[in-house]
Structures are given as structure tokens and as C-alpha cells.
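What's counted below: heavy atoms across the whole structure, side chains too, no hydrogens, waters or symmetry copies. Order of appearance sets the numbers: ligands from 1, and atoms from 1 within every ligand. Note that this is a predicted model, so its numbers are computed, not measured.
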Amino acid sequence: MRIGIIGAGISGLTLGAALHRSGIDVQVYEEHAQIRSGGAGITLAPNGLAVLDALGIGADFRALQLQQAPLQGGIRNPQGDWLTRISPEITHASLALDRTTLHSLLLVGLPSSRVHTSAAAVGVDASTGAVTFADGREECFDVVVGADGIRSAVRATCFDDPGMTYAGYNTWRAITEGVPLDAGFETWGTRARFGAVPLHDGRTYWFAVTSAPEAQPGTQALHQLHATFAQWHDPIPKLLRATPEHSVQYLPIHELAKPLASYHSDKVVLVGDAAHAMTPNLGQGACQGLEDAAVLARLLRAGSTDFSAYDTHRRRRSQQVARQSRLIGRALHTGGDRVTAARNWILKHVPDAVINRQVQAVTAWAVPEM
Ligand SMILES: Cc1cc2nc3c(=O)[nH]c(=O)nc-3n(C[C@H](O)[C@H](O)[C@H](O)COP(=O)(O)OP(=O)(O)OC[C@H]3O[C@@H](n4cnc5c(N)ncnc54)[C@H](O)[C@@H]3O)c2cc1C
């Protein structure tokens, strides 16, 4: 069986490494001249790490996890009071790392002869498995996997593509040196929040999210973040001051305008953001792409190209996570100070165990028997 994966992001590289490990002929195509990560840091929740273990490529990630100080975590208000604590069972089982490291570790599992850069797919024929590239070349596969991200050309070509919609908020992300943390946190204010997590190497990954009409990339300068978060608890202003402007990445948040009716069409299957681009409020986008890769790898390793079970299982799970993430975004990014005060009061008085059960319901996952 010959498999073509379009897109060398987290989902495509993971699936590629898993299939290659099983001796399957897999080729990965990336439109850029280099494999790029972008987006500063990322947290892999227990479900994401479980996938890497199940695929036999988790050892390097577990080694990093051993270097990481036990992560404490929870939600705070802008004054710094803890509103809820996430159980160490969940935080210790997660891994925060920079995206460059994540990409490098995934690439270890794939020989360079299997990864083709400067190869933008511009057309896919779902019935024949033929892929046309921007340079005019055509390649034929038994299965084509669309792992080409939020603005997927594979989705646009072979599926009823609903397009993207703006979520109503923007993010800024960076990794900062010299401001070590002893706990991760996410702090909820009024239509603004700030999260930070220590990395295994002592640096700090942080993100800020604020509600806004859709702006053009680059128009939201760092000094505006300083103003928004100046009165928030330590070390938020310190982290912002310690971060050079050029290392901050700005991104307006979009998600799929409507859930897809199917993740497969003839010889084509979608994984990751191409299938279910979601808001980042649960930190689950990449983890869901990893779950997709695990389920698809299990089928392909068994020699099956009947993707109906993949479709049913993965749409149910990933679209439910996307829905929850969207609802959290709405709760955090609409309403004024009174809504914030009420929301934070409720959060403070709901037992931590209740919140932790919710988090665990999302992050505990095992590759299903298909
Ligand atoms: C602010 C923010 C924070 C986040 N934090 C987390 C987190 O903590 N944990 C988590 O699990 N998720 C998180 N996510 C989500 C996560 O970043 C994405 O879900 C994940 O990167 C998607 O991976 P992917 O491989 O599916 O797509 P991508 O990472 O978008 O990769 C797609 C690849 O395909 C290539 N490509 C595109 N078009 C073509 C083409 N036509 N031909 C060939 N190649 C092509 C692209 O260049 C790219 O390399 C976050 C997202 C945001 C925005």
C-alpha cells in the first residue's frame, strides 16, 4: 500500500512516523521549503502522549517529561487567587515543550527521503488517489491523507468545505527566558486571559488572549498587551517585559465554520486541523490530530482502507471536543466585569474534583479497537 500524506505538521509527521515504523510505503509532502513549526510552545495532554506511546514513538517525549519539574496548575483571577487547581494526576502526565522540539522529535521517526519539501498539493482526485503539485508533477496513491491544516487544500478540493469563521479573539504567544515558573496557570479576567507554563529547560511558554474585532496580523503591538495586563498578578507583567517584541507571535483565532459531515471521501482521509480546526481553549487541537493519527495508523497497519469506522469514531470525539472548546471561548470572551465576577465566584466554589473530572473526561483516551 502506498500512502501520500499532504502536510508535515504535527498530525502528518506523527502519522508518517507511525506508518514508516510499520514498514508501510509512506511519503509526506510539505508546501514550505523547510519543515516549520511556528506558534512558540504547546502542551501535550495525557491523551496526546498516550498516542505517541501507542505508536511506538513516545520514548523521546517521556525522556523530556522526566526532565520537567512536576507541573502544578490551575486557574487564577487577575489578583492571583487560585480559583481552581488541576489535579497533579493530570498536570504531571502532560508535557509542555516548544514546538520546534516537538517537530524535531517527530522528524526523527521519518527518513528524509520520505519527506518532500517545496511540494504544495494543489489538486486531489479522490476516486483515483492522484495528487497534483504546484510544480505540475502528479503522484498516485492508494490512500491520500489530508493533514494540511486549518486552510486545507485537500478539504477544499474533495469535501464540502464550510470554510473558516473568526472566533472573536486574538492570541499572542512566546517563549521567554529568565522568568522561571514553579507552577503553570491560566488567569481569567474580563474578555482577556493569560496563561503560562514552565518548559522542561527552565524557559516559560506564555499566551495571552483578548477579545477584539478581527484585526490585521501585526496591528496589535506588544505595548497594548502591557497595558491590558499591567495590573495583573505576578509574574505576568514581568514576563511581558522580559519578552522581546520580535519573539511574540500574533494570531487571530479561527475555527471550522461548521463541523464536516465526513472525514473521508473515496481514497482521501482528513486528519488534524484539516478535519476539525478548533479554538485552542482546551489545548486539544494537536492532541486530537494525534488521536486521528493513532486510529488511522491502526487501520492502515491492518491493511484496511475501509474508513467508515475511522470516520464515525473520530468525528464523534473530535467534534465534541471542538464544541466544548467553543463554549469555553464564548464564556470567557463575552460579557463584562459582572459576568467575570459571577463566573469566577462560581469557579472558586465548585469543588476542584468536579472541574478535574471534566478535564479528565477530555484528556483520558486510549486507542480504540477498530
Ligand atoms: C494559540 C494556540 C494554542 C494552541 N495550543 C495547543 C496546545 O497547547 N495543545 C494542543 O494539543 N493544541 C494546541 N493548539 C492547536 C494546534 O496548534 C493545532 O491543532 C495543530 O498544530 C494542528 O496540527 P496539524 O498537523 O493538523 O496542522 P498544521 O500544524 O497546520 O500543519 C499543516 C501542515 O501542512 C502544510 N500545508 C498546508 N497546505 C499544504 C499543501 N497544500 N500542500 C502541502 N503542505 C501543505 C503546512 O505548511 C503545515 O506544515 C493551539 C492552537 C493555537 C492557535
Verdict with reasoning, Asp337 to Thr190, per side-chain hydrogen bond (donor to acceptor under 3.5 Å, both in side chains): CA-CA 6 Å; Asp337 289 340; Thr190 301; 2.8 Å; yes
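- Counted by atom type alone, Thr243 and Thr176 present one or more donor-acceptor pairs between their side chains at under 3.5 Å.
- Where the criterion is an N or O separation shorter than 3.5 Å, residue side chain and backbone included, Ala121 meets it with respect to ligand 1.
- Neither the backbone nor the side chain of Val154 has a heavy atom within less than 4.0 Å of ligand 1.
- Within the 4.0 Å heavy-atom criterion, the part of Arg173 lying near ligand 1 is the side chain and not the backbone.
- Inclusion of Ile10 in the set of residues having an N or O under 3.5 Å from an N or O of ligand 1 is warranted.
- Residue contacts with ligand 1 include Ala120, since one or more of its heavy atoms lies under 4.0 Å from the ligand.
- At a heavy-atom cutoff of 4.0 Å, ligand 1 is contacted by the side chain of Thr171 but not by its backbone.
- Thr43 N, 3.0 Å is the protein heavy atom nearest to atom 8 (O) of ligand 1.
- The protein non-hydrogen atom at the shortest distance from atom 44 (N) of ligand 1 is Glu31 N, 3.1 Å.
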Before you tell me yes or no, could you show the steps for Thr363 and Asn47 under side-chain hydrogen bond (donor to acceptor under 3.5 Å, both in side chains), namely the whole-Å CA-CA distance, both residues' side-chain angles and the distance that decides it to 0.1 Å? CA-CA 5 Å; Thr363 59; Asn47 57 321; 5.5 Å; no
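- Within the 4.0 Å heavy-atom shell around ligand 1 one does not find Phe207.
- You'll find the ring centres of His233 and Phe185 inside the 6.0 Å limit.
- At the shortest separation from atom 34 (O) of ligand 1 among protein heavy atoms lies Gly7 CA, 3.2 Å.
- Atom 47 (O) of ligand 1 has Glu30 OE2, 2.6 Å as its closest protein atom, hydrogens excluded (heavy atom only).
- Every N/O-N/O distance between Leu251 and ligand 1 stays at or above 3.5 Å.
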Pair Phe61, Leu106 - check side-chain contact (heavy atoms from CB on, under 4.5 Å), show working. CA-CA 10 Å; Phe61 294 90; Leu106 292 176; 4.0 Å; yes
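- The line from CG of Leu256 to CE of Met278 is 9.5 Å long, rounded to the nearest 0.5 Å.
- Close to ligand 1: Ala119, with a non-hydrogen atom less than 4.0 angstrom away.
- Residue contacts with ligand 1, taken as heavy atom pairs separated by less than 4.0 Å, involve Arg99 solely via side-chain atoms from C-beta onward.
- Under a 4.0 Å N-O distance rule, the pair Arg203/Asp98 qualifies as a salt bridge.
- Summary of contacts: the protein heavy atom closest to atom 23 (O) of ligand 1 is Ser11 OG, 3.9 Å.
- More than 12 heavy atoms of other shown residues, nucleotides or ligands fall within 6.0 angstrom of atom CD in Glu138.
- Only the side chain of Pro280 comes within 4.0 Å of ligand 1, judged by heavy-atom distances.
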Begin with the C-alpha distance, continue with both residues' side-chain angles, and end with the deciding distance and a verdict on side-chain contact (heavy atoms from CB on, under 4.5 Å) for Arg114 and Val26. CA-CA 7 Å; Arg114 302 299 181 108; Val26 60; 4.1 Å; yes
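- Residue Asp160 places its CG atom among 12 or fewer non-hydrogen atoms of other residues, nucleotides or ligands, all under 6.0 Å distant.
- Of all protein heavy atoms, the one closest to atom 16 (C) of ligand 1 is Ala286 N, 3.7 Å.
- Ion pair Arg314/Asp292 flagged as a salt bridge, since at least one NZ, NE, NH1 or NH2 atom sits closer than 4.0 Å to an Asp/Glu carboxylate oxygen.
- With a 4.5 Å cut-off on side-chain heavy atoms, Ile42 and Tyr205 do not count as touching.
- Residue contacts with ligand 1 for Ser152 are absent, since no atom lies close enough (heavy atoms, distance under 4.0 Å).
- Heavy atoms of Arg36 come nearer than 4.0 angstrom to ligand 1 in no pair at all.
- In this structure, Gly289 does not count as a contact residue of ligand 1, since none of its heavy atoms falls inside 4.0 Å of the ligand.
- Protein heavy atom closest to atom 27 (O) of ligand 1, with residue, atom name and distance, is Gly149 CA, 3.6 Å.
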For the pair Asn77 and Asp81, evaluate side-chain hydrogen bond (donor to acceptor under 3.5 Å, both in side chains) and give the outcome as yes or no after the intermediate values. CA-CA 6 Å; Asn77 65 16; Asp81 310 315; 3.0 Å; yes
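- If you look at Asp148 next to ligand 1, the close heavy atoms, those under 4.0 Å, come from the backbone and the side chain alike.
- Regarding atom 10 (C) of ligand 1, its nearest protein heavy-atom neighbour is Gly283 O, 3.2 Å.
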